[in-house]
Amino acid sequence: MSYKVTIIPGDGIGKEVSLAARRCIDATGVKIIWDEQIAGKEAIVKFGTVLPRQVLESIRKNKIAIKGPITTPVGKGFRSVNVQLRISLDLYACLRPCKLYKGVKTRYENLDLVVVRENTEDLYAGIEFAEGQVKTKEMIEYIEKMSGAGIRQDSAIGIKPISITASRRIVKFAFDFAVKNNRKKVTAVHKANIMKETDGLFLKVAREVAQEYSGKIEFEDRIVDNMCMQLVQKPELYDVMVLPNLYGDILSDLCSGLAGGLGIAPGANIGDDMALFEPIHGSAPKYTGLNKVNPAAMILSGVLMLRHMGEADAADRLEKAIAQVMEEGKYVTYDLKPDRNDPSAVGTSQMADAVIARLRSN
Ligand code: NAD
């Protein structure tokens with residue numbers, strides 16, 4: 001049996017880590033026909049748009065995709081391709097496991113966290129009004145009239161939609177994940193003390209959904225700022241966390257830092273009938289083309305993908321191989337060496353070679 005999988009290599013370091021992951025996935029023996037697609041800056045040059053129609057069509061058809069990071073200009077230019085993909089394909093659940101691997105430097109001894117981030121709404125909905133525009137002034141007038149609140153005339157405005165529908169399905173996803181994966185507890189993270197209507201709604205729905213799992217999975221909630229402090233001080237107390245989009249984004253980087261850094265943190269964007277796998281990290285432009293960065297996050301995203309495809313044995317073998325390479329600490333990139341300037345650090349493709357060699361010898 002063979003699978004057809006869409007692969008979007010991405011840009012910056014994306015191409016290097018994608019190629020490394022693709023080679024490792026192929027080395028598991030699972031037969032994959034790769035359907036390579038281009039998105040981002042490169043796609044503008046070739047197709048006149050950052051997200052060509054054929055990319056979405058390919059993912060809709062194949063149902064499974066893996067992508068490298070894609071650069072998004074800060075404060076100007078096009079809207080994030082990553083966010084567009086998640087929203088266009090309704091990949092509503094972002095799953096980001098953060099666990100310890102031997103050989104990876106971390107301050108913690110006991111940590112196994114899963115961040116479940118809502119992917120389609122909140123301040124990521126892309127509803128923003130630029131400062132100074134006529135429609136922004138009209139919006140300010142309207143909001144002042146409706147809410148009685150004063151807004152400075154020289155403001156830009158962003159809208160934060162939080163719905164019952166999206167909150168319910170993401171919290172259910174977190175509980176179902178907890179049940180399927182023998183996890184004990186789900187923590188809903190919010191700022192409902194201040195954002196009483198939006199985050200308040202998320203929390204209310206989370207409490208309702210938790211009732212459906214009572215007796216099976218423990219539930220609690222935390223305010224997001226307190227959660228950050230708790231995670232740094234005692235991450236071992238937490239298990240699965242479920243969060244609205246923006247807090248989920250921030251906390252998943254925090255959790256990846258606790259577990260040893262962005263270089264080892266995989267991710268998945270999952271919808272009802274499609275899934276897109278990608279590392280948490282971005283395109284790290286300063287390292288582009290240097291064959292320097294760690295491919296582990298992208299390879300581990302491939303592990304999540306194989307597991308999602310039902311290829312549990314291949315997923316376990318690939319995870320074991322990468323864990324062994326990291327534990328041995330010899331053929332690893334600079335970020336996994338005790339001293340980041342260690343001249344014995346290997347490049348992205350050599351670390352992938354070591355994983356493939358392990359896969360073959362195990
Ligand atoms: P980044 O994750 O690209 O890099 C931050 C730093 O983390 C790097 O300078 C590097 O020191 C380290 N790092 C990241 N990946 C690493 C790896 N594989 N191995 C070793 N070290 C690694 O974050 P950034 O600089 O904030 O973002 C750069 C660009 O990436 C931006 O345009 C941003 O929008 C984009 N981005 C894309 C995605 C995505 O495609 N899903 C996600 C995050 C950021």
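For ligands, and for the atoms within them, numbers begin at 1 and follow the listed sequence. Keep in mind the model is a prediction, meaning the values are calculated, not measured.
When each atom of ligand 1 is checked for a heavy atom of Tyr287 under 4.0 Å away, the hits are 9 (O), 10 (C), 11 (O). Residue Ile70 approaches ligand 1 through these ligand atoms, each under 4.0 Å from one of its heavy atoms: 35 (C), 36 (N), 37 (C), 39 (C), 40 (O). Close approach to Lys286 involves these atoms of ligand 1, each under 4.0 Å from a residue heavy atom: 9 (O). Below 4.0 Å from some heavy atom of Arg86 lie the following atoms of ligand 1, by number and element: 41 (N). If you number the atoms of ligand 1 from 1 as listed, the ones under 4.0 Å from a heavy atom of Lys67 come out as 39 (C), 40 (O), 41 (N). Proximity to Val293 (heavy-atom distance under 4.0 Å) selects the following atoms of ligand 1: 17 (C), 18 (N), 19 (N). Atom numbering of ligand 1 starts at 1 in the shown order; those under 4.0 Å from a heavy atom of Leu262 are 2 (O), 7 (O). For ligand 1, the atoms lying closer than 4.0 Å to a non-hydrogen atom of Ile280 are 42 (C), 43 (C).
Taking a distance limit of 4.0 Å, we find that atom 11 (O) of ligand 1 is approached by some protein heavy atom. Protein heavy atoms are found less than 4.0 angstrom from atom 35 (C) of ligand 1. Protein heavy atoms are absent from the 4.0 Å sphere centred on atom 24 (P) of ligand 1. Under the 4.0 angstrom criterion, atom 27 (O) of ligand 1 counts as lacking any protein heavy-atom contact.
We find that Glu212 and Lys172 are joined by a salt bridge, their nearest charged nitrogen and carboxylate oxygen being less than 4.0 Å apart. A salt bridge is defined here as a Lys NZ or Arg NE, NH1 or NH2 lying under 4.0 Å from an Asp or Glu carboxylate O, and Glu118 with Arg86 fails to meet this definition. Salt bridge present: Lys99 and Glu319 bring a charged side-chain N and a carboxylate O closer than 4.0 Å. With salt bridges taken as basic N to acidic carboxylate O contacts below 4.0 Å, one links Asp90 and Arg169. Checked for salt-bridge contact, Glu141 and Lys145 miss the test: no charged N lies under 4.0 Å from a carboxylate O.
Taking distance alone, with nitrogen or oxygen atoms compared against 3.5 Å, Thr71 stays at or beyond that limit from ligand 1. Taking distance alone, with nitrogen or oxygen atoms compared against 3.5 Å, Ala284 approaches ligand 1 more closely than that limit. For the pair Asn294 and ligand 1, the shortest N or O to N or O distance falls below 3.5 Å. Between Gly282 and ligand 1, an N or O atom pair is found at a separation short of 3.5 Å.
Looking only at heavy atoms of the protein, atom 21 (N) of ligand 1 is closest to Tyr334 OH, 3.3 Å. Remark: minimum distance from atom 30 (O) of ligand 1 to any protein heavy atom is reached at Ser283 N, 2.9 Å. Ranking protein heavy atoms by distance to atom 32 (O) of ligand 1, first place goes to Thr72 N, 2.8 Å.
Under the 30°/60° scheme for interplanar angles, the aromatic rings of Phe219 and Phe175 are found to be tilted.
Look at Asn82 and you'll find a heavy atom under 4.0 Å from some atom of ligand 1. Heavy atoms of Pro285 come nearer than 4.0 angstrom to ligand 1 in at least one pair.
For the side chain to side chain contact (heavy atoms under 4.5 Å, CB included) criterion with Val116, the lone passing option out of Val171, Val240, Leu243, Val189 is Val240.
Side-chain contact of Glu278 with Asn269: a donor-acceptor pair under 3.5 Å is present, judged by distance alone. Between the side chains of Glu220 and Thr187, a donor-acceptor pair is found at a separation under 3.5 Å.
With sequence neighbours excluded, the residues that form a ring pair (Phe, Tyr, Trp, His ring centres under 6.0 Å) with Tyr334 are Tyr287.
Residue pairs meeting the side chain to side chain donor-acceptor pair (under 3.5 Å) criterion with at least one partner in residues 322-331, sequence neighbours excluded, are Gln324-Asn362.
A single hydrophobic cluster is not seen to contain both Ile13 and Ile70; linkage of ILVMFWY side chains at heavy-atom distances under 4.5 Å, directly or through other members, places them apart.
Distance CD1/Ile270 to CG/Leu304: 8.0 Å, rounded to 0.5 Å.
With distances taken over non-hydrogen atoms, the option nearest atom 41 (N) of ligand 1 out of Glu16, Glu278, His281 is Glu278.
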